[in-house]
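We number each residue from 1, following the sequence as shown.
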Amino acid sequence: MALNSDTILFAVLGDPVSHSLGPLMHNTAFSELGYNGAYLAFRVKDIDKAVVGIKAFGIKGTSITIPHKVSVMDFLDELDDTAEKSGAVNTIVNRKDVLTGYNSDGLGAVKALFERTTIKDKNVVILGAGGAARAIGFAIISEGGRVTVINRTPAKGEQLAKDLGADFQPISKLNKTECHILINTTPVGMFPGIDAMPVRKQDLDKTMVVMDIVYNPLKTRLLRAAEN
């Protein structure tokens with residue numbers, strides 16, 4: 001890939017960000033297409049300053065990951081309908097210095113679930129209360145599912161449940177919560193902490209469909225336990 005003054009820049013912003021496979025996937029695609037683009041990963045703590053940098057460096061597209069999916073919204077020029085309703089952003093498009101936030105987390109999760117199960121009238125437990133949990137919870141409810149948020153920090157989990165019109169339970173009540181679909185939206189089990197699991201093995205049963213939005217590793221300890 002030849003980089004020059006005409007190379008179009010893209011990026012992923014997060015903290016941590018070393019686990020991201022975004023640069024590998026996007027740069028491979030650019031190479032295959034013969035597209036003069038480069039996708040870079042930046043570990044960012046101050047998302048407000050980073051957004052200023054998007055305009056300053058002319059970065060055309062940006063992926064947003066943990067922990068900035070909600071906080072970044074305050075610094076954008078526009079939000080699309082899905083991002084506004086779900087209350088989180090995972091993608092920014094820069095059109096002539098107008099930054100528009102989008103969210104594909106919910107759509108991606110719903111499409112993946114539809115390959116294995118239905119959602120309407122199912123009891124869906126979402127582990128976590130960050131930006132991804134917010135977007136996925138909104139999408140599940142839009143498809144007719146019933147959401148329960150489970151989070152280690154009660155205040156944050158209760159707030160998300162209130163925003164979604166969903167239920168909240170502490171992690172200790174998971175095995176007493178009726179669950180058809182379990183979705184992990186936390187970073188527990190993500191590289192390099194691949195031996196960690198957000199729930200206990202005894203919290204799983206053979207009737208559940210289990211989804212983990214962690215993709216590095218592709219098969220987390222949670223997914224292996226669910227498979228077993």
Side-chain angles (χ1 to χ4, degrees), residues 14-17 19 45 47 64-74 79 82-90 101 103-110 112-113 117 119-190 193-205 207-215 220-223 225-226:
D15 183 22
V17 78
H19 66 282
K45 294 189 180 296
I47 192 62
I64 303 296
T65 188
I66 295 170
H68 303 307
K69 292 187 177 187
V70 176
S71 58
V72 74
M73 298 175 71
D74 290 337
L79 298 172
T82 300
E84 191 161 20
K85 287 180 178 177
S86 64
V89 161
N90 76 340
N103 197 306
S104 61
D105 282 331
L107 177 63
V110 163
L113 285 170
T117 186
I119 294 174
K120 185 175 173 57
D121 296 328
K122 295 288 181 69
N123 295 317
V124 182
V125 169
I126 295 179
L127 302 173
R134 183 175 291 274
I136 292 171
F138 172 76
I140 293 292
I141 290 169
S142 297
E143 294 293 340
R146 295 183 293 269
V147 169
T148 298
V149 176
I150 288 184
N151 195 54
R152 293 188 186 278
T153 307
K156 194 174 180 182
E158 288 170 352
Q159 184 60 57
L160 175 58
K162 181 180 178 181
D163 292 346
L164 292 174
D167 295 325
F168 171 79
Q169 293 289 347
I171 190 76
S172 59
K173 297 286 183 68
L174 175 58
N175 61 354
K176 295 182 176 65
T177 303
E178 186 178 10
C179 176
H180 301 122
I181 301 171
L182 178 70
I183 305 174
N184 176 44
T185 71
T186 78
V188 177
M190 184 172 70
I194 60 174
D195 292 327
M197 200 164 86
V199 299
R200 304 169 301 172
K201 288 182 181 178
Q202 57 264 41
D203 292 326
L204 304 174
D205 72 62
T207 66
M208 290 180 183
V209 172
V210 178
M211 167 182 277
D212 199 334
I213 72 166
V214 171
Y215 66 88
T220 60
R221 185 179 176 191
L222 172 63
L223 291 181

> Side-chain donor-acceptor pair under 3.5 Å between Asp212 and Thr220, yes or no?
Replying inline: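 Their side chains do contain a donor-acceptor pair, which is all the 3.5 Å distance test asks for.
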What pair of heavy atoms forms the shortest contact from [X] to [Y], and how long is it?
X      : Y      : answer
Gly14  : Thr65  : CA-CG2, 3.6 Å
Gly101 : Ala83  : O-CB, 3.6 Å
Val209 : Leu113 : CG1-CD2, 4.2 Å
Gly157 : Val149 : O-CG1, 3.9 Å
Phe168 : Ala161 : CB-CB, 3.8 Å

N/O donor-acceptor pairs under 3.5 Å from side chains in residues 119-131, not counting sequence neighbours:
{"from": "Lys122", "atom 1": "NZ", "to": "Thr117", "atom 2": "OG1", "distance (Å)": "3.0"}
{"from": "Lys122", "atom 1": "NZ", "to": "Thr118", "atom 2": "O", "distance (Å)": "3.3"}
{"from": "Lys122", "atom 1": "NZ", "to": "Thr118", "atom 2": "OG1", "distance (Å)": "3.1"}
{"from": "Asn123", "atom 1": "OD1", "to": "Arg146", "atom 2": "NE", "distance (Å)": "2.8"}
{"from": "Asn123", "atom 1": "OD1", "to": "Arg146", "atom 2": "NH2", "distance (Å)": "3.3"}
{"from": "Asn123", "atom 1": "ND2", "to": "Glu178", "atom 2": "OE1", "distance (Å)": "3.2"}

>> The test is side-chain contact (heavy atoms from CB on, under 4.5 Å); show your working for Val110 and Ile136 and say whether it passes.
In response: CA-CA 8 Å; Val110 163; Ile136 292 171; over 6 Å; no
What's the separation between atom [atom1] in [X] and atom [atom2] in [Y], rounded to the nearest 0.5 Å?
X      : Y      : atom1 : atom2 : value
Ser86  : Ile141 : OG    : CD1   : 11.5 Å
Phe138 : Leu160 : CZ    : CG    : 12.5 Å
Ile171 : Arg152 : CD1   : CZ    : 5.0 Å
Ile66  : Met190 : CD1   : CE    : 5.0 Å
Asn90  : Leu107 : CG    : CG    : 10.0 Å
Leu222 : Met211 : CG    : CE    : 11.5 Å

Report the residues that fulfil side chain to side chain donor-acceptor pair (under 3.5 Å) with [X], sequence neighbours left out, ordered by chain and then residue number.
X      : value
Asp195 : none
Asn151 : none
Asp15  : Arg43, Lys45

>> Could you check whether any side-chain N or O of Thr186 sits under 3.5 Å from a backbone N or O of Val188, counting only pairs where one atom can act as donor and the other as acceptor?
In response: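 Yes, the answer is positive, given that a donor and an acceptor are paired below the 3.5 Å cut-off.
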>> I'd like to know if the side chain of Asn175 and the backbone of Asp203 have a donor-acceptor N/O pair within less than 3.5 Å.
In response: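 A pair under 3.5 Å: no.
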>> Please determine whether side-chain contact (heavy atoms from CB on, under 4.5 Å) holds for the pair Asn184 and Ile213, giving the CA-CA distance in whole Å, both sets of side-chain angles, and the decisive distance to 0.1 Å.
In response: CA-CA 6 Å; Asn184 176 44; Ile213 72 166; 5.9 Å; no
>> Using side-chain contact (heavy atoms from CB on, under 4.5 Å), reason through Leu79 and Met73 one step at a time and then give a plain yes or no.
In response: CA-CA 8 Å; Leu79 298 172; Met73 298 175 71; 3.5 Å; yes
> Which residue pairs pass the salt bridge (Lys or Arg N to Asp or Glu O under 4.0 Å) test with at least one member in residues 131-140, sequence neighbours excluded?
Replying inline: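 Listed once each, the pairs are Arg134-Asp163.
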> Does any pair with a residue in residues 65-74 pass salt bridge (Lys or Arg N to Asp or Glu O under 4.0 Å), and if so which ones, sequence neighbours excluded?
Replying inline: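 Those involving residues 65-74 are Lys69-Asp105.
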>> Quick one, Val199 with Leu204, criterion side-chain contact (heavy atoms from CB on, under 4.5 Å). Give me CA distance, side-chain angles, the key distance, then yes/no.
In response: CA-CA 8 Å; Val199 299; Leu204 304 174; 4.0 Å; yes
